[in-house]
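Structure first, commentary second.
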Amino acid sequence: MRAALTEPLGSLAQLVASVVSAAQIQALNRIYPRLADVLTEYENHRTDTDFSNSMTTKLFVFLFVNSYGTFFYIAFVAQNIGDGDCGGATCMPALAVNLAIIF
């Protein structure tokens, strides 16, 4: 998203992309627990413990990837793609902006 917004917005592209990412994280963090409950109910577990374990696993994996996926992408992947997907020599400024806005 930052790369697509760089031409029209210039230096504000990273800020806008980080704000949109934060909004997406919050929206999905509200939607997915309801969906996980429905999906876990359809699994028809034999015991409450199996149900709880399945629900906990689903929620942990999704929430971890949803919350921290952008940080891992910026820190470890974006710098190695093409001529740098971060817009600079390193991705640390983009990572700092993303961390500041999301947290």
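Small disclaimer: the values here were computed from a predicted structure and weren't measured. Just so you know, these numbers use all the heavy atoms, side chains as well, and skip hydrogens, waters and symmetry mates.
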Closest non-hydrogen contact found for T40 with M55 is OG1-SD, 3.6 Å
I need the K58 NZ to D37 CG distance, nearest 0.5 Å.
10.0 Å
Step by step, would you call F62 with L35 a side-chain contact (heavy atoms from CB on, under 4.5 Å)?
CA-CA 11 Å; F62 176 79; L35 178 62; over 6 Å; no
Separation between CG (L63) and CG (N29), nearest 0.5 Å, reads 5.0 Å
Of all the heavy-atom pairs spanning S67 and I25, show the shortest one and how long it is.
O-CD1, 4.0 Å
Say whether V61 and L28 are linked into one hydrophobic cluster, either directly or through other cluster members, by side-chain heavy-atom distances under 4.5 angstrom.
no
Distance col, row Y32:OH vs L39:CG, nearest 0.5 angstrom, shows 6.0 Å
Can you classify the ring geometry of F72 versus F64 as parallel (below 30°), tilted (30 to 60°) or perpendicular (above 60°)?
tilted
With a 4.5 Å limit on heavy-atom distance, are the side chains of E43 and F51 in contact?
no
Got a donor-acceptor contact below 3.5 angstrom from the T57 side chain to the N53 backbone?
yes
Which atom names give the shortest non-hydrogen contact between S18 and N98, and what distance separates them?
OG-OD1, 3.2 Å
Do M92 and L95 come within less than 4.5 Å of each other through their side chains, counting heavy atoms only?
yes
For residues L59 and P33, report the shortest heavy-atom separation together with the two atoms involved.
CD2-CA, 3.8 Å
Rounded to the nearest 0.5 Å, how far does CG of N66 lie from CD1 of I31?
10.0 Å
